[in-house]
Number of protein chains: 2
Amino acid sequence: MPGAHPSASLVAMSERETRTAGASAPSAEALQKLAGRHQAGYRSVGTMAYDILRDAILDGTLAPGQKLRQETLAETIGVSRLPVRSALIQLEADGLVEFHARRGAVVKALSAEQAREVYDIRVLLEIDALRHSMDEMTPERIVRLRELGRTADAEEEGADFVDARTQFYAELYGAAARPVHWEMIEQLRLKVGRYVLGWRLVGGGDHGHSHEELVAAVEAGDADAAAEVLRSHLTGVRDAVLAMLSAEGGAAAR
Amino acid sequence: MPGAHPSASLVAMSERETRTAGASAPSAEALQKLAGRHQAGYRSVGTMAYDILRDAILDGTLAPGQKLRQETLAETIGVSRLPVRSALIQLEADGLVEFHARRGAVVKALSAEQAREVYDIRVLLEIDALRHSMDEMTPERIVRLRELGRTADAEEEGADFVDARTQFYAELYGAAARPVHWEMIEQLRLKVGRYVLGWRLVGGGDHGHSHEELVAAVEAGDADAAAEVLRSHLTGVRDAVLAMLSAEGGAAAR
DNA sequence: ATCCGCAATCTTGGATCCAATTTGCGTGCC
DNA sequence: GGCACGCAAATTGGATCCAAGATTGCGGAT
């Protein structure tokens with residue numbers, strides 16, 4: 001349901017607003033708020049800009065299709081254009097933004113087909129990661145897992161919600177110590193993070209016990225059951241995301 | 001386009017060889033040769049620098065562990081340090097280089113475990129991509145596939161060898177039109193590209209007919225057979241790469 | 001009145017310049 | 001003689017400045 005977001009007015013700036021006052025800000029204030037959260041001491045300003053912009057994209061402050069003007073972003077964050085450019089390059093590599101020749105960068109949108117792809121691949125990769133991890137599972141890890149699962153379920157807010165779940169899955173797959181595998185999963189989760197967030201805000205939380213269910217299966221050592229829980233969870237989220245995407249697909253097309 | 005670049009001081013890196021040993025010197029000329037191949041009109045210098053450095057890493061001109069000094073690279077390529085930095089950031093996202101705090105970038109090495117991971121994941125992803133693609137396979141695509149397979153088998157040289165194979169797999173998996181899936185596969189292939197190249201140069205080419213074998217299975221519509229050919233091919237290459245990595249693992253460590 | 005072309009302005013991309021941090025080396029002290 | 005502290009040089013990271021290209025708005029011509 002639109003309108004519920006605090007900073008949801010970002011989609012409205014489509015084309016007419018670009019020239020007049022659009023130079024500085026549809027989302028300036030929300031972005032500044034994010035920037036404030038990251039004002040802590042970073043070793044390099046570029047990584048700070050990256051984190052700010054990534055979070056802004058993930059929580060919808062910068063919506064898909066949004067034009068990203070380097071100078072505006074730089075002024076809003078409070079740095080020069082150079083670290084912003086670095087951040088944009090990284091975000092392009094992450095698949096979150098798209099560079100159009102010499103015409104600037106825009107927040108990349110994910111089509112329904114691509115979202116389906118992401119979840120199909122995640123099913124493959126994560127079930128495999130889970131099986132590998134279960135071979136090396138330890139009781140201590142189970143304890144931490146259960147803890148993190150509770151935290152993740154309790155978390156409601158946007159960015160923290162994604163973070164909590166990331167920690168849970170990092171712990172879940174971490175036993176196998178497969179950095180490349182985890183990196184791939186992280187990339188895929190990053191691509192759909194925004195849409196999951198939207199779904200979480202809009203839809204309900206019927207997935208609340210799936211974490212515990214998963215931990216229980218892992219604890220019991222039943223790989224097939226755990227895989228099935230994971231698979232059904234992922235496909236469930238996938239379907240919800242797809243429904244949301246097709247629902248508002250025509251609006252945010254470009 | 002008629003830009004007579006000031007390709008001046010290119011040999012500047014031999015200024016001081018105090019403790020080089022195996023770290024920083026020997027690649028200036030080879031890198032320049034690569035730079036020459038890419039001197040064609042690029043829209044942006046940054047992408048050119050990226051291509052040059054990526055190829056340099058892939059064909060071993062810049063070996064794993066190599067220290068990448070921005071100014072040296074910039075002078076060798078003939079541009080400023082800024083596009084080099086952009087390229088390095090992209091390469092970091094690709095997992096080919098690694099930034100060490102404020103101490104510069106080095107060419108990232110792939111451990112044997114990580115290489116194994118890459119191939120394990122590739123088996124998962126590529127077999128799935130293959131099955132999806134076979135659902136949409138067309139006779140015309142088979143024809144092009146057979147053509148590309150022959151080209152790939154004929155190709156011997158380094159960079160072109162990888163390129164030819166890339167085209168073959170792009171055509172093979174392209175029928176399914178799954179951009180995210182293909183992007184993931186490309187990333188993984190990029191990570192091991194250097195080692196495959198080394199293996200190709202060192203070892204033999206007993207895999208010559210696997211392309212044709214694969215195409216035949218695809219043409220026959222036998223998904224299981226095609227998957228098995230692909231799987232055995234990938235595990236074969238994997239084992240060769242692993243053997244090579246463990247063989248010279250102690251030497252090129254540092 | 002509409003369409004094509006030109007020019008001005010805005011925005012990206014690149015280069016040079018400056019500061020901050022790290023590293024290597026020298027000296028002094030233990 | 002060895003280790004530690006400090007200084008100096010080099011290299012990375014950031015900011016400001018400059019050029020190139022694209023888009024848009026305006027004007028003229030058909």
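Chain naming here is simple, since letters A, B, ... match the order of the sequence lines and numbering starts at 1 in each. The figures here come from the full heavy-atom set of this structure, side chains too, leaving out hydrogens, waters and symmetry mates.
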Inset, instruction - Determine whether the side chains of B:D55 and B:Y50 contain a donor N or O and an acceptor N or O closer than 3.5 Å. - result: no
Inset, instruction - With sequence neighbours excluded, tell me which residues meet salt bridge (charged side-chain N to carboxylate O under 4.0 Å, His left out) with B:E117. - result: none
Inset, instruction - Scan A:A105 against the nucleic acid and name what it touches under 4.0 Å (heavy atoms): base, sugar-phosphate only, or nothing. - result: nothing
Inset, instruction - Can you figure out which of D:dG13, C:dG13, C:dG14 approaches the side chain of B:V45 most closely? - result: C:dG14
Inset, instruction - Respond yes when some side-chain nitrogen or oxygen of B:R103 is under 4.0 Å from OP1 or OP2 of C:dT22, and no when none is. - result: no
Inset, instruction - To the nearest Å, give me how far apart CZ (B:F99) and P (C:dT21) are. - result: 18 Å
Inset, instruction - Identify the two heavy atoms, one from B:K191 and one from B:G95, that lie closest to each other, and give their separation to 0.1 Å. - result: NZ-CA, 4.0 Å
Inset, instruction - Ignoring the backbone of B:Q70, work out which of C:dT12, C:dG14, D:dT12 is nearest its side chain. - result: D:dT12
Legend entry - Inter- and intrachain pairs under side chain to side chain donor-acceptor pair (under 3.5 Å), touching residues 171-182 of chain B, at least two apart: A:D120-B:R178, B:E126-B:Y173, B:H132-B:R178, B:R141-B:E171, B:R144-B:E171, B:R178-B:H181
Inset, instruction - State whether A:R69 places a side-chain N or O below 4.0 Å from either non-bridging phosphate oxygen (OP1 or OP2) of C:dT11. - result: yes
Legend entry - Interface with DNA chain D, restricted to residues 80-92 of chain B and to heavy atoms under 4.0 Å: B:R81, B:R85
Legend entry - Nearest non-hydrogen partners of A:V106 and A:L68, listed with the distance: C-CD1, 4.2 Å
Inset, instruction - Check side chain to side chain donor-acceptor pair (under 3.5 Å) between A:R116 and all other residues, then give those that pass, not counting sequence neighbours. - result: none
Legend entry - Heavy-atom pair of closest approach, residues A:A164 and A:A152: CB-CA, 3.7 Å
Legend entry - Heavy-atom closest contact (B:Y195 atom, B:L110 atom, distance): OH-N, 3.0 Å
Inset, instruction - Using whole Å, report how far CG of B:L68 lies from P of D:dA10. - result: 20 Å
Inset, instruction - Let me know, please, whether A:R102 or A:G46 comes out on the 5' side of the other along DNA chain D by nearest nucleotide. - result: A:G46
Inset, instruction - In whole angstrom, give the distance that lies between atom CZ of B:R43 and atom C1' of C:dT12. - result: 13 Å
Legend entry - Separation of D:dG21 C1' from B:Y42 OH (nearest whole Å): 20 Å
Tabulate below the donor-acceptor pairs under 3.5 Å that side-chain atoms of residues 79-93 of chain B make, not counting sequence neighbours, or state none.
unit_1	atom_1	unit_2	atom_2	d
B:R81	NE	B:Q70	OE1	3.3
B:R81	NH2	B:Q70	OE1	3.4
B:S86	OG	B:L82	O	3.3

Legend entry - Relative orientation of the end axes in the helix from C:dA1-D:dT30 to C:dC30-D:dG1, expressed as an angle to the nearest 10° (five pairs per end): 10°
